[in-house]
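Reminder, nothing fancy here: chain letters follow the sequence lines and each chain counts from 1. Note that the structure is predicted; figures quoted are calculated from it, not measured. Only heavy atoms go into these numbers, but all of them, side chains included; no hydrogens, no water, no symmetry mates.
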Number of protein chains: 2
Amino acid sequence: MQDILFDFISKYIALTEEEKNAIVSLDIFRSVKKGTTLLKKGQRSKDSYFVLKGCIRTFYLIDGEEKTTAFYTEMDALTPHCVINKAPSEYFISCVEDCILSVSNSDMEAEVNGKFPKFEIMCRKLSEELLAKKQIDFDEFRTSSPEQRYLNLLQNRPDLFQRIPQHQIASYLGIKPQSLSRLRARITNKG
Amino acid sequence: MQDILFDFISKYIALTEEEKNAIVSLDIFRSVKKGTTLLKKGQRSKDSYFVLKGCIRTFYLIDGEEKTTAFYTEMDALTPHCVINKAPSEYFISCVEDCILSVSNSDMEAEVNGKFPKFEIMCRKLSEELLAKKQIDFDEFRTSSPEQRYLNLLQNRPDLFQRIPQHQIASYLGIKPQSLSRLRARITNKG
DNA sequence: ATCACTCGTTCACTTAAGTTAAGAAATGAA
DNA sequence: TTCATTTCTTAACTTAAGTGAACGAGTGAT
């Protein structure tokens, strides 16, 4: 299972056996049940997540309504905003499925970065890459209609439709569940 | 004028006079006329921009229509996606106003980073901070209606309405110019 | 000064999403 | 299994954005 983490890391830096052992000895792997809340609004967490198996999502609670803003699945890394800016979290994080996660604390990361400077390089590369990806995703969202966003999602992340409740996907697309149902019906009647 | 750049840098790292001189000697300051296109779709540029004065925007050309996705004003830094992923640009960059820009090439940056390791730290901090900000902006956009987005923009960047054509702001809000006009009329008739 | 062009607004009409409500299907717990 | 809850769909109606067109105000070029 931890091989997934090492596969991911190998995209950015090469690891020696010694370094791999150092990571394993940190004992960062966690099994988490579906529905578990990993972070609540207002909390000040230092934990970052890497998804080995399963799916977690971030959502806001606005006027009593959940607004899902992201899904993280296998090989996705999530450093909550509150870890970066050291302020209480604006949003929630919870498990959509039973998950196996690698949970790393920012203090631990600082320690590992001290011991193995390679990791600092990885973090820089990773955050640059994530910024570039986030920019493109944002642009795509901004320049698309809900229907186009739905078709894009179907194209780029078809697995989400098999594992995530429709109302959470609707929220992610920026519309209501009823509108998603209707939109789907509209599309099938066209094709 | 270059003091603006040094003020900006001082938020991340402290600079010696020697380092400041090294930057000035790079001769990176450029005056650019309103309407100038800095980057076209399909080009492979290595240039990053820092706005000292004026305003530049990024936009896509989709079905013959300009879709504006960002405005950069004083103290904003823009590293185009094509610089990061070394692929042809998907979008255009042009000047909304006469501008004074600091234009830095990624080769130059590598050189400066080599001479002054401090700069590498600044780049890491900056890209982490930008990622965090981008995430929050995206979440806000995702969870808002066009009307809320308009009100937020009015709150957070009121200057844009004084310096940018309405149809570009409409596009930025994800709607048509006519809808922005109507939306504004609707709001004034309410209040 | 004139002409062409862009820009912003308004209007009438169309299309799609929000809202409210109801019911069927699936899920989970006792 | 049964019962309650959640999830998804459908429908009727409301609201807001898209579309196409027209108009006046401003801008720039000649």
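The distance from atom NZ of Lys176(B) to atom P of dA17(D) is 13 Å, rounded to the nearest whole Å. Counting to the nearest Å, the P atom of dG18(D) and the CD atom of Glu147(B) are 14 Å from each other. In this structure, CD1 of Ile169(B) is placed 13 Å from P of dC7(C), rounded to the nearest angstrom. The CG-P distance, from Leu183(A) to dT15(C), rounds to 16 Å in whole Å. The CG atom of Asp63(B) sits 14 Å away from the C1' atom of dG18(D) (whole-angstrom rounding). Atom-to-atom, CD1 of Ile187(B) to C1' of dA16(D) comes out at 12 Å; the value is rounded to the nearest Å. Residue Lys33(A) contributes atom NZ, which lies 12 Å from atom P of dA29(C) at whole-angstrom precision. Rounded to whole angstrom, the span from the OH atom of Tyr150(B) across to the P atom of dA16(D) amounts to 16 Å.
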**Request:** Quick one: do Lys67(B) and Phe59(B) satisfy side chain to side chain contact (heavy atoms under 4.5 Å, CB included)? Show the steps, please.
**Result:** CA-CA 5 Å; Lys67(B) 302 257 189 176; Phe59(B) 64 95; 5.8 Å; no

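Defined by atom type and a distance below 3.5 Å, a donor-acceptor pair is missing between the side-chain atoms of Asp139(A) and Tyr91(B).
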**Complete:** Given protein heavy atoms under 4.0 Å, the one-letter contact record of nucleotides 5-13 of chain D, with B base, S sugar-phosphate only and - none, is simply --SSBB---

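Note on Gly35(A): nothing from the nucleic acid sits closer than 4.0 angstrom, heavy atoms only.
The only member of Lys34(B), Lys53(B), Arg163(B) that meets side chain to side chain donor-acceptor pair (under 3.5 Å) when paired with Glu97(B) is Arg163(B). When each of Arg57(A), Gln168(A), His167(A) is tested with Glu66(A) by the rule side chain to side chain donor-acceptor pair (under 3.5 Å), just one qualifies, namely Arg57(A).
For Phe141(B) and Tyr172(B), the ring centers are positioned 6.0 Å apart or more. Taking the ring centroids of Tyr49(A) and Tyr72(A), they lie at or beyond the 6.0 Å cut-off. Note: Tyr60(B) and Phe92(B) fail the aromatic proximity criterion, with ring centroids not under 6.0 Å apart.
The side chain of Arg186(A) contributes no N or O atom lying less than 4.0 Å from OP1 or OP2 of dT15(C).
Heavy-atom distances to DNA chain D give each of Lys34(B) and Glu65(B) a nearest nucleotide, and the one nearer the 5′ end belongs to Glu65(B).
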